[in-house]
Amino acid sequence: MAELCLLFDSDGTLVDSEVLLAEALASTLPGYGLPFTAARYLDHFRGVRFRSIVAELEAYHGALAPERLDEMEARMRATLEDLMAARLTAMPGMPQALAELSGYPCGVVTNGPERKVRLALDTTGLARFFDGHIFSAYTLGVWKPDPRLYRLAAEQMGFAPQRCVVIDDAAVGVKAGLDAGMHVIHFAHHEDGLGTPSGALKMRSARELPALIREISQRVARLDS
């Protein structure tokens, strides 16, 4: 088997947080003059940077003063942390899949802040699988769909892109992984019309992940021989 590095998205891939994030956005943004619903996030903005969502809304509803933006983001993130602490769970089957794949180096690559990711991993008990390897767009200064986020993570993990497997549920993350020249598994567990792009493998359940990783590992090993 070829040695691979597994790079996981967090929200909607490792942890079932997307509905909670949608709730936090829907309860916060309208109070600042930006109409928004949970369904809109789930249908159109999965995985997208918070400030990018806000910028799109501002284009239609008017710009907020910088101090109002900061206040709104702080309130949304506090609401989200409360929801995560009370209700966050790992994606079904993900702890078992990670346990089976424990021989592979693993990292988390996310458009979310590092504090949020650490809370998610600690709350769900998944932190033990990642040995502190967390790569946040807020820390590195580059956001999916820019492939540099996954490339920076691969570099810091000590792997070439062609030795990395991206596991991501969001369109922005799937695109980032493909454009980074990595193997990509699209975790297509939600029905939002997002097809799996050419070049990526589709996964409906985390329980499928170990077999898909073995398939990729065998493919890479054949190329090495």
Closest heavy-atom contact between [X] and [Y]?
| X | Y | value |
| --- | --- | --- |
| Gly47 | Val172 | O-CG2, 3.5 Å |
| Leu57 | Pro35 | CD2-O, 4.0 Å |
| Pro105 | Glu3 | CG-OE2, 4.3 Å |
| Tyr150 | Ala180 | CB-CB, 4.3 Å |
| Ala176 | Pro147 | O-CB, 3.5 Å |
| Ala24 | Leu83 | N-CD1, 4.1 Å |

inquiry  = Consider side-chain contact (heavy atoms from CB on, under 4.5 Å). Of Ile216, Leu101, Leu209, which one does Val165 pass it with?
reply    =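 Only one option passes, and that is Ile216.
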Please output the side-chain donor-acceptor pairs of residues 85-99 that fall under 3.5 Å, not counting sequence neighbours, one pair per line with the distance.
| residue | atom | partner | partner atom | Å |
| --- | --- | --- | --- | --- |
| Arg87 | NH1 | Glu23 | OE1 | 3.1 |
| Arg87 | NH2 | Glu23 | OE2 | 2.9 |

For [X], give me all partners under side chain to side chain contact (heavy atoms under 4.5 Å, CB included), at least two apart in sequence or on another chain.
| X | answer |
| --- | --- |
| Leu64 | Tyr32, Leu34, Glu58, Arg68, Leu69, Met72 |
| Glu18 | Asp11, Leu21, Tyr41, Leu42, Arg46, Asp169 |
| Pro161 | Met182 |

query = Listed by chain and number, what are the ring pair (Phe, Tyr, Trp, His ring centres under 6.0 Å) partners of Tyr138, not counting sequence neighbours?
reply = Trp143
inquiry  = According to ring pair (Phe, Tyr, Trp, His ring centres under 6.0 Å), who are the partners of Phe130, at least two apart in sequence or on a separate chain?
reply    = Phe8
To the closest 0.5 Å, what do you measure between [atom1] ([X]) and [atom2] ([Y])?
| X | Y | atom1 | atom2 | answer |
| --- | --- | --- | --- | --- |
| Leu223 | Arg219 | CG | CZ | 8.5 Å |
| Ser136 | Arg115 | OG | CZ | 13.0 Å |
| Met84 | Leu119 | CE | CG | 4.0 Å |
| His186 | Lys175 | NE2 | NZ | 14.5 Å |
| Ser10 | Asn111 | OG | CG | 11.0 Å |
| Phe50 | Leu29 | CZ | CG | 5.0 Å |

Indicate yes or no: at least one non-hydrogen side-chain atom of [X] is less than 4.5 angstrom from one of [Y].
| X | Y | result |
| --- | --- | --- |
| Asp9 | Lys144 | yes |
| Leu178 | Pro197 | yes |
| Val166 | His183 | no |
| Asp168 | Ile185 | no |
| Arg163 | Cys5 | no |
| Ser205 | Glu208 | yes |
| Arg51 | Glu73 | yes |
| Leu149 | Thr110 | no |

Tell me if a side-chain donor or acceptor on [X] pairs with a main-chain N or O of [Y] at a distance below 3.5 Å.
| X | Y | result |
| --- | --- | --- |
| Ser52 | Val48 | no |
| Ser217 | Ile213 | no |
| Thr37 | Arg40 | yes |

request  = For the pair Leu7 and Ile167, evaluate side chain to side chain contact (heavy atoms under 4.5 Å, CB included) and give the outcome as yes or no after the intermediate values.
outcome  = CA-CA 6 Å; Leu7 300 176; Ile167 303 97; 6.0 Å; no
ask   = Is atom CZ of Arg49 surrounded by more than 12 heavy atoms (other residues, nucleotides or ligands) closer than 6.0 Å?
value = yes
key: Heavy atoms of other groups near Glu155 CD, more than 12 under 6.0 Å   = no
query = For Arg207 and Glu100, what are the C-alpha separation, side-chain angles and deciding distance, and is it a salt bridge (Lys or Arg N to Asp or Glu O under 4.0 Å)?
reply = CA-CA 10 Å; Arg207 296 173 182 86; Glu100 190 170 338; over 6 Å; no
Under-4.0 Å salt bridge between Arg77 and Glu81 =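 The answer is no: the pair does not qualify as a salt bridge.
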ask   = What's the verdict on side chain to side chain contact (heavy atoms under 4.5 Å, CB included) for Ser27 and Thr79, showing C-alpha distance, side-chain angles and the deciding distance?
value = CA-CA 9 Å; Ser27 69; Thr79 299; 3.9 Å; yes
request  = For side chain to side chain contact (heavy atoms under 4.5 Å, CB included), just list the numbers for Thr196 and Leu201, CA-CA rounded to whole Å, side-chain angles, deciding distance to a tenth of an Å, and then say yes or no.
outcome  = CA-CA 7 Å; Thr196 298; Leu201 297 174; over 6 Å; no
ask   = Parallel under 30°, tilted from 30 to 60°, perpendicular over 60°: which one fits the rings of Phe135 and His133?
value = parallel
Test log, rule side chain to side chain contact (heavy atoms under 4.5 Å, CB included), inputs Phe45 and Phe36 = CA-CA 11 Å; Phe45 290 109; Phe36 199 76; 3.9 Å; yes
